[in-house]
Amino acid sequence: MIKPALNFIGSIPDVILRNIPDISRKPGTVGYDEYLGRLQFYFPENWKGEAFLHLPDSAPEITELFARPFSDGVTSLLDYPSRYEPRNPALVDEFRKFEANSKAYLQLWRHDKNGTRPIVLCVHGFMMGRPSRGMRMFRIRKMFDEGLDVAFYVQPHHWKRSDKPPMQHLLCPENIPLTIETFGQNVHDLHSSVLMLESMGYEKIGIIGASLGGFTSALYATMDASVDFMFMAVPALNFDRYLDPKRGKFAFRPDHKIKSATAEALKTISPVNYKPAFDVEKICVVIHSGDKLAEVGAAREWIRRWAIPNCVEVTGGHWLYMDKNLRGKTWYEWLEKMRFLKR
């Protein structure tokens with residue numbers, strides 16, 4: 001009786017947040033037939049001979065924007081070009097008009113510059129792309145004090161990658177084709193970050209992704225991800241509610257055909273629709289049993305389909321959960337298991 005009640009209480013902020021209307025959204029201008037055609041471009045049946053998602057095979061050029069002391073080491077901000085090219089020719093001009101999103105960013109906290117320590121690559125949640133927020137979310141100073149180097153990857157249309165902060169164009173219910181292309185860009189840029197770290201000499205790289213970052217990490221795990229482990233906290237595996245056409249602002253009235261085509265197109269970027277290419281023994285997941293923001297049912301189904309053996313459930317909702325120590329305990333035990341830490 002107690003756990004269901006605590007899950008209900010924990011889910012209250014989730015229900016409130018998911019029902020807040022996004023007043024920053026701009027109405028779409030594409031007509032019905034053209035929009036339907038754009039959605040059909042992404043149907044999985046059209047990508048059987050060629051994978052929609054793909055990764056770069058070399059590290060990008062890097063620019064160091066700043067470097068300053070941090071504890072007994074240094075923190076630096078790097079930028080690099082996003083080399084992703086939209087797969088749909090009809091989206092090229094629209095995709096490229098977001099100039100700030102043409103660069104990606106990686107902040108580092110390093111003890112030295114030889115890359116001999118293990119490094120944890122953090123992938124943030126929705127609207128949490130500012131590194132100062134990442135420091136709190138992932139408790140980066142604690143990891144650093146434990147002896148780890150840390151990196152923070154900024155997802156598309158967040159922080160410096162947004163042309164008009166705090167507006168974002170990653171999740172757009174009125175422009176699903178752009179959303180799909182942006183997730184293609186997201187894993188492409190994430191892999192660029194991994195290749196950058198490898199070029200710096202790092203041989204042990206682990207990923208921790210939270211919420212939206214958990215989704216991105218899971219999507220990355222469907223490809224040849226060259227990292228040592230992935231840890232996902234409250235991964236948001238289902239955006240159907242947020243990306244429902246009813247929430248979008250269109251130049252037409254979306255009907256059942258548009259809704260059905262939206263669901264089919266989104267399968268192209270759904271981890272549940274793929275088999276893992278990454279070793280599931282090296283994946284650990286923490287979910288919250290009352291989570292209604294990241295839809296815990298979708299996470300459980302993904303865990304079942306992939307047969308992920310390392311999973312922990314915490315009582316409560318997405319933001320309000322009860323056992324504050326269990327997540328951290330699971331994380332640091334995982335770091336020890338993966339031989340990133342000796343405690």
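Given the structure is predicted, the values throughout are model-derived calculations rather than measurements.
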### Query
Should Glu281 and Asn310 be marked as a side chain to side chain donor-acceptor pair (under 3.5 Å) after you check the CA-CA gap, both sets of side-chain angles, and the distance that decides it?
CA-CA 7 Å; Glu281 294 286 343; Asn310 307 295; 4.6 Å; no

*Could you tell me whether Glu333 and Lys329 have a side-chain N and a carboxylate O separated by less than 4.0 Å?*
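Result for this pair is yes, salt bridge flagged.
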
Check this for me: does any side-chain nitrogen of one of Glu94 and Arg38 sit under 4.0 Å from a carboxylate oxygen of the other?
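Answer for the salt bridge query: yes.
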
For the ring pair [X] and [Y], is the centre-to-centre distance below 6.0 Å?
X	Y	answer
Trp302	Tyr274	no
Phe239	Phe215	yes
Phe144	His111	yes
Phe152	Tyr105	no

Margin query: I want to check a possible cation-pi pair here: Arg68 against Phe66, using under 6.0 Å from ring centre and within 45° of the ring axis as the test.
Written below: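 So Arg68 does make the cation-pi contact.
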
Could you tell me whether the side chain of Leu266 reaches within less than 4.5 Å of the side chain of Asp240, counting heavy atoms only?
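Yes, their side chains come closer than 4.5 Å.
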
* To do: May I ask you to check whether Gln155 and Asp189 show a side-chain donor-acceptor distance below 3.5 Å?
  =>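 There is no such pair between these side chains.
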
Residue list, ring pair (Phe, Tyr, Trp, His ring centres under 6.0 Å) with His188, at least two apart or on another chain =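 His188 satisfies ring pair (Phe, Tyr, Trp, His ring centres under 6.0 Å) with His54, Tyr84 once adjacent residues are dropped.
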
Problem - Which residues share a side-chain hydrogen bond (donor to acceptor under 3.5 Å, both in side chains) with Lys97, sequence neighbours left out - result: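 Here no residue qualifies.
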
Positive for side-chain contact (heavy atoms from CB on, under 4.5 Å) with Tyr202, one of Ile119, Asn114, Thr116:
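Testing Tyr202 for a side-chain contact (heavy atoms from CB on, under 4.5 Å) against Ile119, Asn114, Thr116 leaves exactly one candidate, Ile119.
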
